[in-house]
S.K.: 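Structure incoming, see below.
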Amino acid sequence: MYSSAYIWGKVIGLLEEKLTPALVSSWIDDADVLELTEEKLVLFTPSVYRKEVIERRFAANIHDALQELFNMDVKIVILTDIDMEAYQEEKNKPAPLDFNPQFTFDKFIVGSSNNFAYSAAYAVANHPAEVYNPLFIYGPSGLGKTHLLYAIANFLRRSQPDTNIVYIRGDQFTNELISALQMGKNVEFRSKYRNADLFLVDDIQFISGKESTQEEFFHTFNTLYENHKQIVLTSDRPPNEMLRLQERLQTRFEWGLICDIHPPDYETRVAITRTKASELGVNLTDDVCNYIAENITNNIRQIEGTVKKIKAYHDMQGMPLNLSYVSRAIKDMYKGKSETLPTPSLVIKEVCRYYTVEERALRGTLKNKDTVQARHVAMYLIGKLTNLSTTDVGKEFSKDHTSVVYAVKKVEKALELPNSPTSTAVKEITANINANL
């Protein structure tokens, strides 16, 4: 996408060709571009009279020039000094969060493995900050925790449209805090979260070990709780299993209701398969649904992916939807958990998230203490959790195998020390990796 300055310069050039340079210079040339998107061009001119002339005589020319040069069909908006305050207020309004409309309570398949969490989330949606505050939902990835968060948000959007809903992931909270500190926007950051009526946090486990983040989150939690605002948190583990989580935060997470979600049982998996097939317009027989439920056991996301794969084969290759063809088409989808190995990319992603290090730095040559430690742990875990040789591990970091051997020995030596930070890091990163398999 070209910059707005480049696009506007080209528009001015074309207008000078089609009109005259003098005319463009007199009326249009000094107009400032405030905003240019695929839908709208906002111009500023200080004179009300000049605004009226541009709207009457030149707006159509500007529109046509944008369409001719860049195939942009935009609305032309022209502002003056008297319009600017209202425009700035509108621009500074936080954009409403876009929660997937498919994630509602009536589309959540309830079974014995998730009934408690569903009931708690539904109660919170009907009586925010009155029944369970905070509500803490934990369980492995892909079992519907985010679905329940969104369901609460979508329910309140309909029943209480003025509710200020704030949703964030644990790692995003850290990143936004770092950005706010760098840009001197601490007040804006705190205002965003501490003025929420409903505060939804996905994957809260990722704030563990990040002292500044935990400090900020502690005060945010206290402010919201004391003001009787609803807090809902999700995690892949309960608070007492979050290594390096401050005790005062663990205590607060346990103030309300803690409920877990287990992998769905057979009957629930059959129901999920039928529902996903119906939503995608795939007519699956009972024996096919039963086969999927018997073999796809890890999580709901995997069941949905399996049904989508069947649909793709059926749509693109005309595959019959009988058990014989379906079983061959999806045989690679139901490898056991023990057969599933993490990729080096997944290991590196989780190491970077734990140490708050950019992947580019981890794979590069930066030699500050934190980055080197993270790089060594990444090399150790890739070697331990995958089938890669030390030579292949080294290729992930543009290093030779001797560098990997050195890193592994450093980590192994640190792991021999009782309660070492490295030992804690390896345990927590491994848990995060396993949760994503």
S.K.: Under the criterion side chain to side chain contact (heavy atoms under 4.5 Å, CB included), I'd like the reasoning laid out for Val74 against Ile76: C-alpha separation, chi angles, the key distance, then a yes or no.
M.R.: CA-CA 6 Å; Val74 303; Ile76 310 297; 3.9 Å; yes
S.K.: Start with the C-alpha gap between Leu149 and His147, add the side-chain angles, then the distance that decides, and say whether side chain to side chain contact (heavy atoms under 4.5 Å, CB included) holds.
M.R.: CA-CA 6 Å; Leu149 282 188; His147 187 138; over 6 Å; no
S.K.: With sequence neighbours left out, which residue pairs that include part of residues 170-194 fulfil the ring-ring contact (aromatic ring centres under 6.0 Å, His included) condition?
M.R.: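 Qualifying pairs: Phe173-Phe189, Phe173-Tyr193, Phe173-Phe217, Phe189-Tyr193, Tyr193-Phe199.
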S.K.: Indicate yes or no for a side-chain donor-acceptor contact from Ser191 to the backbone of Val187 under 3.5 Å, with no hydrogens or angles considered.
M.R.: no
S.K.: Can you tell me if Thr430 uses its side chain to pair, donor with acceptor, with the backbone of Val426 under 3.5 Å?
M.R.: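 A pair under 3.5 Å: yes.
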S.K.: Measure from NZ or CZ of Arg248 to the centre of the six-membered ring of Phe218 and say whether it is under 6.0 Å with the direction within 45° of the ring axis.
M.R.: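 Here Arg248 passes the 6.0 Å and 45° test against Phe218.
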S.K.: Could you give the distance from NZ (Lys210) to OH (Tyr355), rounded to the nearest 0.5 Å?
M.R.: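 Answer for the NZ-OH pair, Lys210 versus Tyr355, is 10.5 Å.
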S.K.: Restricting to side chain to side chain contact (heavy atoms under 4.5 Å, CB included), what partner residues turn up for Lys395, sequence neighbours left out?
M.R.: Thr391, Asp392
S.K.: Could you point out which residue of Thr343, Val351, Leu346 forms a side chain to side chain contact (heavy atoms under 4.5 Å, CB included) with Ile433?
M.R.: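 Of Thr343, Val351, Leu346, side chain to side chain contact (heavy atoms under 4.5 Å, CB included) with Ile433 is met by Leu346 alone.
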S.K.: Quick check: does any side chain N or O of His314 sit under 3.5 Å from a backbone N or O of Met319, one acting as donor and the other as acceptor?
M.R.: yes
S.K.: Which atom names give the shortest non-hydrogen contact between Leu321 and Asn283, and what distance separates them?
M.R.: CD1-O, 3.5 Å
S.K.: Cation over ring, Arg353 on Phe206, under 6.0 Å and within 45°?
M.R.: yes
S.K.: Consider only side-chain N and O atoms of Ser324 and Asn322, and report whether a donor and an acceptor are under 3.5 Å apart.
M.R.: no
S.K.: Between atom NZ of Lys413 and atom NZ of Lys410, what is the distance when rounded to the nearest 0.5 Å?
M.R.: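 Going from the NZ atom of Lys413 to the NZ atom of Lys410 covers 7.5 Å.
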S.K.: Between Thr104 and Asn154, does any side-chain donor sit less than 3.5 Å from a side-chain acceptor?
M.R.: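 Short answer, no.
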S.K.: Is it the case that Gln246 and Glu211 place a side-chain donor and acceptor less than 3.5 Å from each other?
M.R.: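 Yes, side-chain donor-acceptor contact under 3.5 Å.
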S.K.: So does His219 have more than 12 non-hydrogen atoms from other groups sitting under 6.0 Å from NE2?
M.R.: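 Atom NE2 in His219 is packed in, count exceeds 12.
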S.K.: Whether the Asp202 and Tyr167 side chains hold a donor-acceptor pair (N or O, under 3.5 Å, no angle test) is what I'd like checked.
M.R.: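 There is such a pair between these side chains.
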S.K.: Without hydrogens or angle criteria, can the side chains of Arg269 and Asn290 be said to hold a donor-acceptor pair below 3.5 Å?
M.R.: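 Not at all, the side chains of Arg269 and Asn290 share no donor-acceptor pair under 3.5 Å.
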S.K.: Assess the side chains of Thr174 and Asp171: does a donor N or O sit below 3.5 Å from an acceptor N or O?
M.R.: no
S.K.: Tell me yes or no: between the side chains of Asn195 and Arg190, is some donor less than 3.5 Å from an acceptor?
M.R.: no
S.K.: Kindly say whether Ala361 contributes a backbone atom to a donor-acceptor pair with the side chain of Arg375 at under 3.5 angstrom?
M.R.: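 Looks like yes, one N/O pair under 3.5 Å.
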S.K.: Which label fits Phe108 and Tyr118: parallel for a plane angle under 30°, tilted from 30 to 60°, or perpendicular past 60°?
M.R.: parallel
S.K.: How long is the straight-line distance from CE of Met242 back to CD of Glu428, given to the nearest 0.5 Å?
M.R.: 9.0 Å
S.K.: Under the side-chain hydrogen bond (donor to acceptor under 3.5 Å, both in side chains) test, which residues partner Arg363, sequence neighbours left out?
M.R.: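 Here the qualifying residues are Glu359, Glu396.
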S.K.: Can you check whether Gln160's main-chain N or O pairs, donor with acceptor, with Thr163's side chain at less than 3.5 Å?
M.R.: yes
S.K.: Using the salt bridge (charged side-chain N to carboxylate O under 4.0 Å, His left out) rule, take Asp286 and Arg274 through it: C-alpha gap first, then chi angles, then the decisive distance, then the call.
M.R.: CA-CA 9 Å; Asp286 287 345; Arg274 288 175 177 159; 3.4 Å; yes
S.K.: Sequence neighbours excluded and cut-off under 3.5 Å, please list the side-chain donor-acceptor pairs for residues 125-136, or say none.
M.R.:
{"from": "Asn126", "atom 1": "ND2", "to": "Tyr122", "atom 2": "O", "distance (Å)": "2.8"}
{"from": "Asn133", "atom 1": "OD1", "to": "Gln230", "atom 2": "NE2", "distance (Å)": "3.2"}
{"from": "Asn133", "atom 1": "OD1", "to": "Ile231", "atom 2": "N", "distance (Å)": "2.8"}
{"from": "Asn133", "atom 1": "ND2", "to": "Lys229", "atom 2": "O", "distance (Å)": "2.9"}

S.K.: Can you list the residues that meet the side chain to side chain contact (heavy atoms under 4.5 Å, CB included) rule with Pro238, with sequence neighbours excluded?
M.R.: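 Expected list: Tyr138, Asn240, Glu241.
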S.K.: Considering all heavy atoms of both residues, which atom of Ile207 and which atom of Gln214 are nearest to each other, and what is their separation?
M.R.: O-CG, 3.3 Å
S.K.: Which residue pairs satisfy the ring-ring contact (aromatic ring centres under 6.0 Å, His included) criterion with at least one member in residues 364-386, sequence neighbours excluded?
M.R.: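 Listed by first then second residue: His376-Tyr406.
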S.K.: If you round to the nearest 0.5 Å, how far is CG of Leu143 from OG of Ser113?
M.R.: 7.5 Å
S.K.: Nearest heavy-atom pair of Ser112 and Thr268: which atoms, and what distance?
M.R.: N-OG1, 4.3 Å
S.K.: Side chains of Thr422 and Gln373: do they bring a donor and an acceptor to under 3.5 Å?
M.R.: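 Indeed, the side chains of Thr422 and Gln373 share at least one donor-acceptor pair under 3.5 Å.
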S.K.: Grab the two heavy atoms, one from Cys259 and one from Ala117, that are nearest each other, plus how far apart they are.
M.R.: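 Looking at all heavy atoms of both residues, the closest pair is SG-CA, 3.7 Å.
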S.K.: With distance as the sole test, does Ser179 use its side chain to make a donor-acceptor pair with the main-chain N or O of Asn175 at under 3.5 Å?
M.R.: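 No, because the side chain of Ser179 does not come within donor-acceptor range (under 3.5 Å) of the backbone of Asn175.
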S.K.: Is there a donor-acceptor contact under 3.5 Å from the side chain of Asn114 to the main chain of Ile109?
M.R.: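 Confirmed, Asn114 side chain pairs with Ile109 backbone.
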S.K.: Is there a donor-acceptor pair under 3.5 Å between the side chain of Asn222 and the backbone N or O of Tyr225?
M.R.: no
S.K.: If I take atom NZ from residue Lys399 and atom CE from residue Met379, how far apart are they, to the nearest 0.5 angstrom?
M.R.: 6.0 Å
S.K.: For Cys289 and Leu284, work out which heavy atoms get closest and say how close.
M.R.: SG-CB, 3.8 Å
S.K.: Give a yes or no on whether the backbone of Gln302 and the side-chain of Thr306 come within a donor-acceptor separation of less than 3.5 Å.
M.R.: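 The answer is yes, because a donor-acceptor pair under 3.5 Å joins these two groups.
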S.K.: For residues Leu362 and Cys352, report the shortest heavy-atom separation together with the two atoms involved.
M.R.: CD2-SG, 3.7 Å
S.K.: Quick one: does any side-chain atom of Gln172 pair with a main-chain N or O of Arg169 as donor and acceptor, under 3.5 Å?
M.R.: yes
S.K.: Can you measure from CG (Leu385) to CD1 (Ile429) and round to the nearest 0.5 angstrom?
M.R.: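 Result: 10.5 Å between the selected atoms.
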